[in-house]
Amino acid sequence: QVQLVESGGGSVQAGGSLRLSCAASGPAYYSVFMGWFRQVPGKEREGVAALYVPSGTTYYADSVKGRFTISQDSAKNTLYLQMNSLKPEDTAMYYCAAGPPSSRRITDSQALGETLYKFWGQGIQVTVSS
């Protein structure tokens, strides 16, 4: 089992920044892929950013490229999402997720897809006002 606890959400004005943190505990095998997802009421959850831990390869949704950065502090077992130039449309509940290795080569869309991930945090709200 992997436990994930998000922190750092809140309210910010458009153009501002927030950094989300995700403290992870449990076997590292299940945290080879780490990701951030978001969801607004009435819509499907979407992948925002992902990290393949062994190589450091990162993946981003087009909507956040150049504004969001995913990173990890392995010593602290903590995943981060630095969000800059925030827009009202970034308002959502944000979730941290962890997944085990895959036997197949992963495409960008798969890295940002829910099926790759087995463990989820409880979510944290981010609200961006105009």
Side-chain angles (χ1 to χ4, degrees):
Q1 280 290 79
V2 173
Q3 292 188 329
L4 304 169
V5 180
E6 301 99 337
S7 61
S11 297
V12 65
Q13 289 193 327
S17 298
L18 281 174
R19 188 178 78 160
L20 302 183
S21 299
C22 173
S25 60
Y29 173 84
Y30 294 106
S31 302
V32 170
F33 285 93
M34 298 292 294
W36 287 100
F37 291 75
R38 65 186 182 188
Q39 188 172 28
V40 297
K43 292 189 177 181
E44 293 186 354
R45 190 157 50 186
E46 65 166 339
V48 173
L51 171 70
Y52 179 58
V53 174
S55 66
T57 302
T58 56
Y59 308 83
Y60 295 97
D62 288 343
S63 59
V64 305
K65 279 181 182 176
R67 301 189 299 122
F68 290 12
T69 302
I70 188 172
S71 63
Q72 185 189 47
D73 184 333
S74 57
K76 296 181 179 179
N77 288 330
T78 301
L79 183 74
Y80 301 101
L81 184 68
Q82 178 66 44
M83 304 185 294
N84 298 329
S85 301
L86 282 161
K87 304 175 181 180
E89 50 263 44
D90 295 317
T91 295
M93 185 73 77
Y94 282 72
Y95 298 87
C96 175
S102 173
S103 59
R104 298 175 298 171
R105 184 182 178 87
I106 297 298
T107 64
D108 288 19
S109 61
Q110 289 172 327
L112 295 173
E114 290 191 47
T115 56
L116 189 62
Y117 300 87
K118 306 303 180 188
F119 301 98
W120 295 83
Q122 80 286 355
I124 194 162
Q125 181 67 36
V126 170
T127 302
V128 184
S129 57
S130 57

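Values below: every heavy atom of this structure, side chains too, minus hydrogens, waters and symmetry copies. Numbers for residues simply follow the sequence, beginning at 1.
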>> Quick test of your reading: applying side-chain hydrogen bond (donor to acceptor under 3.5 Å, both in side chains), list the pairs with at least one residue in residues 68-77, sequence neighbours left out, ordered by first then second residue.
In response: none

> Looking at side-chain heavy atoms only, is the closest gap between N84 and S17 below 4.5 Å?
Replying inline: yes

>> Using only atom types and a distance under 3.5 Å, with no angle test, would you say the side chain of T78 pairs donor to acceptor with the backbone of A23?
In response: no

>> Using the side-chain contact (heavy atoms from CB on, under 4.5 Å) criterion, which residues pair with L116? Sequence neighbours excluded.
In response: F33, S102, I106

> Does any non-hydrogen side-chain atom of V53 lie less than 4.5 Å from one of M34?
Replying inline: yes

> Who passes side-chain contact (heavy atoms from CB on, under 4.5 Å) against K43, sequence neighbours left out?
Replying inline: V40

> In chain order, what residues pass the side-chain contact (heavy atoms from CB on, under 4.5 Å) check against E46, with sequence neighbours excluded?
Replying inline: R38

>> Is there a path of hydrophobic side-chain contacts, each under 4.5 Å between heavy atoms, that joins L112 and M93?
In response: yes

>> As an exercise, state the distance from CD of Q3 to CD of Q122, rounded to the nearest 0.5 Å.
In response: 10.5 Å

>> Check this for me, if you would: do K87 and D90 make a salt bridge, where the nitrogen-to-carboxylate-oxygen distance has to be below 4.0 angstrom?
In response: no

> Passes side-chain contact (heavy atoms from CB on, under 4.5 Å), L4 versus Y95? Steps please.
Replying inline: CA-CA 9 Å; L4 304 169; Y95 298 87; over 6 Å; no

>> Are Y80 and L51 connected into the same hydrophobic cluster when the rule is that any two of I, L, V, M, F, W, Y join if their side-chain heavy atoms are below 4.5 Å apart?
In response: no

> Does atom CD of Q125 have more than 12 heavy-atom neighbours, drawn from other residues, nucleotides or ligands, at distances under 6.0 Å?
Replying inline: yes

> What closest approach, in Å, do G123 and E6 show between heavy atoms, and which atom pair accounts for it?
Replying inline: N-OE1, 3.1 Å

> Which residues pass the side-chain contact (heavy atoms from CB on, under 4.5 Å) test with S7, sequence neighbours left out?
Replying inline: S21

>> Is there a path of hydrophobic side-chain contacts, each under 4.5 Å between heavy atoms of I/L/V/M/F/W/Y residues, joining V126 to L81?
In response: yes

> Judged by atom type as modelled, is there a donor-acceptor pair below 3.5 Å linking the side chain of Q39 to the main-chain atoms of A92?
Replying inline: no

> Minimum heavy-atom separation for S31 to A98, with atom names?
Replying inline: OG-CB, 3.9 Å

>> Working note: M83 + R67, criterion side-chain contact (heavy atoms from CB on, under 4.5 Å); need CA distance, chi angles, decisive distance, verdict.
In response: CA-CA 6 Å; M83 304 185 294; R67 301 189 299 122; over 6 Å; no

> What do the steps show when you test Y60 against I70 for side-chain contact (heavy atoms from CB on, under 4.5 Å), and what is the final call?
Replying inline: CA-CA 9 Å; Y60 295 97; I70 188 172; 3.4 Å; yes

> Taking all non-hydrogen atoms of both residues, which atom of S130 and which atom of P88 are closest, and how far apart?
Replying inline: CB-CG, 3.9 Å

>> Show the nearest heavy-atom pair for residues L86 and L18, with the distance to one decimal.
In response: CD1-N, 3.8 Å

>> Once ring pair (Phe, Tyr, Trp, His ring centres under 6.0 Å) is applied, what residue pairs with a partner in residues 97-121 remain, sequence neighbours excluded?
In response: Y30-F119, F37-Y117, F37-W120

> What heavy-atom pair brings T107 and Y59 nearest, and what distance separates the two atoms?
Replying inline: O-CE2, 4.5 Å

> Could you state the interatomic distance from CZ (F68) to CG (L20), rounded to the nearest 0.5 Å?
Replying inline: 8.0 Å

